[in-house]
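Right, one structure below, let's go through it.
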Amino acid sequence: MGDVHGRLDALQPLIRAIADDMEAAPPPEPALLVFLGDYVDRGPDSRGVVDLVLKMRAASGLETRALKGNHEEALLQFLAEPSFGATWMEHGGGPTLVSYGVQPPPTRTDNDAWARARDELERVLPPEHRAFYETLELMLDVGDYAFVHAGVRPGIAWDQQTERDLLWIRQEFLQEKGPFGKVIVHGHTPTEEAQLTRHRLGIDTGCYATGVLTAVRLQDADQRLIQVKAERRFG
């Protein structure tokens, strides 16, 4: 599943659509749902999104794995370094704070205010949410596919890939035709339509602004999109 960015109003119906799809065409073996990161920021309900992902990870019947995105990295950096708050706000961190009941400082250059906001977030952040952010996976390798938030650096072995590239890389990866050793399934770079190519599948359809949230069902050689469109637009 692609980047959710606080859009619980899109995530809930997509989960229902996935359940309906599995009921109509049951997989031949236990199904695996992989989130590609960027649960938070920009959209209005980051907390609700994480609550739902945690519920799904705890539920039986569908194994759920959650990868780390660059926006989760930003949240963790703010917790460690409150002066980073002004930069985080530029990338959509304000709605995440508000979803936890914390108001962003009115002046972005007030480091004391950012320290107070960080302290308040630490106070109200549920322990299971902090543990979620701190233990997200960077990459998942399943069969012919490798799942990662942003992409991989071409020509670099899997065990030599850096966390920064896995979370942030764009053009060096997107401009490379491949192959990459595995078919790379990624989000991070929004496009109007999902990009299903021979060597990579990009499924970030800019949900925070478009309302379109995309998943891709992978079964043997079959690659099929499952999408929903929420009505309200943000961004």
Side-chain angles (χ1 to χ4, degrees), residues 1-16 33-59 64-138 149-150 163-164 166-168 187-188 204 206-209 211 213 230-235:
M1 183 181 298
D3 305 28
V4 183
H5 276 306
R7 294 300 302 264
L8 183 63
D9 59 330
L11 178 58
Q12 290 172 323
L14 185 55
I15 295 300
R16 291 193 292 268
L33 176 60
V34 181
F35 286 90
L36 295 176
D38 280 6
Y39 315 90
V40 303
D41 294 352
R42 295 178 173 160
D45 199 353
S46 294
R47 178 173 184 160
V49 167
V50 174
D51 278 334
L52 182 52
V53 176
L54 287 171
K55 288 179 181 178
M56 295 190 65
R57 289 209 308 190
T64 300
R65 304 282 287 270
L67 302 186
K68 184 179 183 179
N70 59 300
H71 284 260
E72 286 73 54
E73 180 185 61
L75 185 152
L76 290 171
Q77 185 170 348
F78 173 65
L79 288 172
E81 182 186 349
S83 61
F84 181 71
T87 300
W88 186 29
M89 295 305 101
E90 295 175 2
H91 298 284
T96 299
L97 283 178
V98 172
S99 77
Y100 285 103
V102 179
Q103 288 300 317
T107 303
R108 295 191 175 186
T109 57
D110 188 341
N111 287 336
D112 290 339
W114 282 115
R116 291 192 294 271
R118 188 278 309 273
D119 293 346
E120 180 65 11
L121 180 60
E122 285 194 319
R123 186 183 70 81
V124 301
L125 191 66
E128 61 271 23
H129 281 223
R130 181 148 195 167
F132 172 80
Y133 295 129
E134 292 177 340
T135 59
L136 291 167
E137 300 176 78
L138 289 175
H149 176 63
E163 179 170 343
R164 180 164 184 82
L166 296 175
L167 299 184
W168 287 94
H188 184 58
D204 178 5
C207 182
Y208 70 92
L213 185 58
E231 292 184 2
R232 190 175 178 188
R233 297 175 66 94
F234 294 86

If you define the side chain from C-beta out and look only at heavy atoms, does anything of [X] sit under 4.5 Å from [Y]?
X: S99; Y: S46; value: yes
X: V34; Y: L67; value: yes
X: L167; Y: K68; value: yes
X: M89; Y: W114; value: yes
X: P105; Y: R116; value: no
X: R47; Y: V49; value: no
X: E120; Y: L97; value: no
X: Y133; Y: L125; value: yes

TODO: List the steps and the verdict of ring-ring contact (aromatic ring centres under 6.0 Å, His included) for Y39 and H71.
DONE: CA-CA 8 Å; Y39 315 90; H71 284 260; over 10 Å; no
Open item on the list: The test is side-chain contact (heavy atoms from CB on, under 4.5 Å); show your working for Q103 and V98 and say whether it passes.
Closed with: CA-CA 6 Å; Q103 288 300 317; V98 172; 4.3 Å; yes
[X] to [Y] - nearest heavy-atom pair and separation:
X: A10; Y: A230; value: CB-CB, 4.1 Å
X: P126; Y: Y100; value: CD-CE2, 3.9 Å
X: A74; Y: W88; value: CB-CD1, 3.7 Å
X: A131; Y: T135; value: O-OG1, 2.6 Å
X: P82; Y: R118; value: CD-NH1, 3.4 Å

So, taking the atom named [atom1] in [X] and the one named [atom2] in [Y], what distance separates them when rounded to the nearest 0.5 Å?
X: D51; Y: L8; atom1: CG; atom2: CG; answer: 8.5 Å
X: M1; Y: F35; atom1: CE; atom2: CZ; answer: 4.0 Å
X: Y208; Y: D3; atom1: OH; atom2: CG; answer: 9.5 Å
X: L75; Y: L121; atom1: CG; atom2: CG; answer: 6.0 Å
X: I15; Y: L213; atom1: CD1; atom2: CG; answer: 8.0 Å
X: H5; Y: C207; atom1: NE2; atom2: SG; answer: 9.0 Å

Task: Stepwise side-chain contact (heavy atoms from CB on, under 4.5 Å) check, L33 with R65 - done: CA-CA 6 Å; L33 176 60; R65 304 282 287 270; over 6 Å; no
TODO: State whether a side-chain donor-acceptor pair under 3.5 Å links N111 with S83.
DONE: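 There is no such pair between these side chains.
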Task: Pair E73-W168, side-chain donor/acceptor within less than 3.5 Å - done: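 Distance-only check passes for E73 and W168.
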TODO: Identify, with sequence neighbours excluded, every residue that meets salt bridge (Lys or Arg N to Asp or Glu O under 4.0 Å) alongside R16.
DONE: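 Salt bridge (Lys or Arg N to Asp or Glu O under 4.0 Å) list for R16, sorted by chain: empty.
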Open item on the list: My understanding is that only residues two or more places apart in sequence, or in another chain, count here; which of them pass side chain to side chain donor-acceptor pair (under 3.5 Å) with E122?
Closed with: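 Scan of E122 (side chain to side chain donor-acceptor pair (under 3.5 Å), adjacent residues dropped) gives R130.
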TODO: Taking side chain to side chain donor-acceptor pair (under 3.5 Å) as the test, write out the residues that go with H149, two or more places apart.
DONE: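 H149 satisfies side chain to side chain donor-acceptor pair (under 3.5 Å) with D38, N70, H188 only.
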Task: E72 (side chain) donor-acceptor with G69 (main chain) under 3.5 angstrom - done: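 Looks like yes, one N/O pair under 3.5 Å.
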